[in-house]
Amino acid sequence: MNPPQTLEQFLELVDHTVFEMEELIVCVEEDLDDETADLVQPLQGIVQNLRALQSRVRAGDHQFANGEDLPFMALARSYRRVIPIYSSLNLLNQAHRLGVV
């Protein structure tokens with residue numbers, strides 16, 4: 001799958017990713033055990049960063065193609081093995097780094 005090319009596609013992917021991440025958190029919270037107890041806070045941190053990204057983009061305050069990763073990517077990379085939609089996070093980061101039309 002290719003990164004989003006337009007602002008509209010980017011926002012659609014952000015919306016979808018927020019929804020999927022929130023669903024993942026619900027699943028983790030329902031199956032909370034010693035192995036998953038430490039996942040909730042980092043996953044919530046990623047969602048908070050995604051929501052902030054949504055707000056900045058919608059307000060026209062987000063700077064694309066600045067050569068830096070999105071703020072949540074370091075955390076997402078740390079948990080990529082347990083985030084089924086890591087590829088969506090990575091696509092958002094690629095679009096951020098390359099820019100959209």
Side-chain angles (χ1 to χ4, degrees):
M1 182 176 220
N2 293 324
Q5 301 295 310
T6 66
L7 192 59
E8 181 178 295
Q9 290 173 349
F10 186 84
L11 281 170
E12 285 175 13
L13 184 56
V14 172
D15 293 343
H16 175 75
T17 305
V18 166
F19 175 80
E20 292 295 331
M21 289 294 296
E22 288 176 339
E23 288 293 309
L24 176 60
I25 291 168
V26 168
C27 291
V28 168
E29 287 175 333
E30 286 177 356
D31 296 331
L32 206 58
D33 59 26
D34 290 341
E35 289 182 31
T36 59
D38 294 338
L39 291 177
V40 174
Q41 187 174 7
L43 295 177
Q44 288 174 335
I46 293 170
V47 170
Q48 289 172 349
N49 275 274
L50 284 166
R51 289 196 178 282
L53 174 64
Q54 258 177 337
S55 296
R56 285 192 313 273
V57 171
R58 286 195 173 116
D61 295 333
H62 182 71
Q63 182 182 357
F64 287 91
N66 67 358
E68 297 178 10
D69 284 336
L70 288 167
F72 60 80
M73 281 309 294
L75 186 57
R77 283 187 189 104
S78 298
Y79 290 92
R80 71 177 166 260
R81 292 189 175 123
V82 295
I83 300 176
I85 59 159
Y86 176 79
S87 61
S88 295
L89 296 170
N90 196 44
L91 287 173
L92 288 171
N93 193 54
Q94 287 177 23
H96 160 75
R97 291 179 63 91
L98 298 172
V100 296
V101 179

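Only heavy atoms go into these numbers, but all of them, side chains included; no hydrogens, no water, no symmetry mates. Numbering starts at 1 and runs along the sequence shown.
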Okay, side chain of Arg97, backbone of Ala65: is any donor-acceptor separation there less than 3.5 Å?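 A pair under 3.5 Å: no.
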
Check for a donor-acceptor pair, side chain of Asn93 on one end and backbone N or O of Leu89 on the other, with a separation under 3.5 Å.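 No; zero donor-acceptor contacts below 3.5 Å.
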
Euclidean distance, [Y] [atom2] relative to [X] [atom1], rounded to 0.5 Å:
X	Y	atom1	atom2	answer
Ile25	Leu43	CD1	CG	5.5 Å
Asp61	Leu53	CG	CG	11.5 Å
Gln44	Leu39	CD	CG	11.0 Å
Asn49	Leu75	CG	CG	8.0 Å

Identify, with sequence neighbours excluded, every residue that meets side-chain contact (heavy atoms from CB on, under 4.5 Å) alongside [X].
X	answer
Asn66	Gln63, Glu68, His96
Asp15	Gln54, Arg58
Glu22	Val18, Val47, Arg51

Only pairs at least two apart or in different chains count here, so list each side chain to side chain donor-acceptor pair (under 3.5 Å) that has a residue in residues 77-87.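 Residue pairs with at least one partner in residues 77-87: Asp69-Arg77.
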
Side chain to side chain, [X] and [Y], heavy atoms closer than 4.5 Å:
X	Y	value
Glu8	Val100	no
Leu50	Thr17	yes
Leu24	Ile85	no

With clusters defined by side-chain heavy atoms of hydrophobic residues (ILVMFWY) lying less than 4.5 Å apart, directly or transitively, does Leu13 cluster with Met1?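 In one cluster: yes.
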
How far apart are the C-alpha atoms of Ile83 and Met21, what are their side-chain angles, what is the distance that settles it, and do they pass the side-chain contact (heavy atoms from CB on, under 4.5 Å) test? CA-CA 8 Å; Ile83 300 176; Met21 289 294 296; 3.8 Å; yes

Pairs touching residues 4-32 that satisfy ring-ring contact (aromatic ring centres under 6.0 Å, His included), sequence neighbours left out: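 Matches after skipping sequence neighbours: Phe10-Phe64.
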
Sequence neighbours left out, what passes salt bridge (Lys or Arg N to Asp or Glu O under 4.0 Å) with Glu20? Give chain and number order.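 Per chain and number, Glu20 pairs via salt bridge (Lys or Arg N to Asp or Glu O under 4.0 Å) with no residue.
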
Considering non-hydrogen atoms only, spot the tightest contact between Ala95 and Pro3 and give its length.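 So the two residues come closest at N-CB, 3.9 Å.
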
side-chain contact (heavy atoms from CB on, under 4.5 Å) between Val82 and Val28: does it pass, once the steps are laid out? CA-CA 10 Å; Val82 295; Val28 168; over 6 Å; no

